[in-house]
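Here is the structure we will look at.
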Amino acid sequence: MSVFSQVLGLELRRQQDGEMRFYDPATDQKLRSTAEFAAAKLEAERAKSLAEQGQFTAEQAKFAAEQRASKLADKLCELGIDPENL
């Protein structure tokens, strides 16, 4: 069973389990329910947070490497070696 809403431009269909769901008639795709949308949004926020943590960790590693390189260059200078000529 299905009903088309001219106001929404969507089709409301009854699923086999009795649940009513909206479909886009142009693509025949089922629209996400509120719960499905919330779950997808939460997953996107988690992925963003993980990406930001990864970027922060990479920046920390880069800073540590730069600090180490600077200390090594200083040590070479103390030994009379110009690190730019290596």
Side-chain angles (χ1 to χ4, degrees):
M1 176 185 155
S2 68
V3 176
F4 180 76
S5 168
Q6 289 185 343
V7 174
L8 297 174
L10 299 172
E11 192 173 304
L12 185 60
R13 297 181 193 169
R14 178 184 286 199
Q15 305 295 296
Q16 290 182 357
D17 62 2
E19 181 180 17
M20 300 295 286
R21 296 295 299 264
F22 283 106
Y23 282 76
D24 181 345
T27 62
D28 202 39
Q29 283 190 310
K30 178 171 55 174
L31 301 180
R32 291 181 181 168
S33 68
T34 305
E36 290 167 338
F37 181 80
K41 182 179 177 186
L42 182 61
E43 182 59 32
E45 289 170 353
R46 283 185 191 147
K48 180 182 176 189
S49 178
L50 286 173
E52 288 171 348
Q53 288 174 358
Q55 181 179 359
F56 179 73
T57 301
E59 288 171 357
Q60 283 183 318
K62 178 183 174 189
F63 179 75
E66 289 170 347
Q67 291 293 98
R68 187 168 189 320
S70 178
K71 286 180 182 179
L72 290 171
D74 290 345
K75 185 65 174 175
L76 287 170
C77 288
E78 287 176 16
L79 297 171
I81 303 169
D82 184 1
E84 296 299 320
N85 292 327
L86 292 179

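The first residue in the sequence is number 1, and the count goes up from there.
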Subject >> Under 3.5 Å donor-acceptor, Ser70 side chain and Glu66 backbone >> reply: no
Subject >> Of all pairs that satisfy salt bridge (Lys or Arg N to Asp or Glu O under 4.0 Å), the ones with a partner from residues 34-43, not counting sequence neighbours >> reply: Arg21-Glu36, Glu43-Arg46
Original post:
Met20, Leu31: one ILVMFWY side-chain cluster at the under-4.5 Å cut-off?
Top reply: yes
Original post:
Excluding sequence neighbours, so at least two apart, what forms salt bridge (Lys or Arg N to Asp or Glu O under 4.0 Å) with Arg68?
Top reply: none
Original post:
How many angstroms lie between CG in Leu72 and CD1 in Ile81, if you round to the nearest 0.5 Å?
Top reply: 11.5 Å
**OP:** Starting at CD of Gln29, measure out to OH of Tyr23 and round the result to the nearest 0.5 Å.
**Re:** 10.5 Å
Subject >> Test side chain to side chain contact (heavy atoms under 4.5 Å, CB included) applied to Leu76 and Leu86, Asp82, Asn85, the passing residue >> reply: Leu86
**OP:** Verify the cluster assignment for Leu8 and Phe4: are they in a single hydrophobic cluster under the rule of side-chain heavy atoms below 4.5 Å apart?
**Re:** no
Original post:
Atom CZ of Arg14 and atom OG of Ser2: how far apart are they, to the nearest 0.5 Å?
Top reply: 11.5 Å
**OP:** State whether the number of non-hydrogen atoms from other residues, nucleotides or ligands found under 6.0 Å of Glu84 atom CD is greater than 12.
**Re:** no
Original post:
At what distance, to the nearest 0.5 angstrom, does CG of Leu12 lie from CE of Met1?
Top reply: 7.5 Å
Original post:
Would Lys48 and Glu45 satisfy salt bridge (Lys or Arg N to Asp or Glu O under 4.0 Å), going step by step from the backbone distance to the final call?
Top reply: CA-CA 5 Å; Lys48 180 182 176 189; Glu45 289 170 353; over 6 Å; no
Original post:
Quick one: do Lys62 and Glu59 make a salt bridge, cutoff under 4.0 Å?
Top reply: no
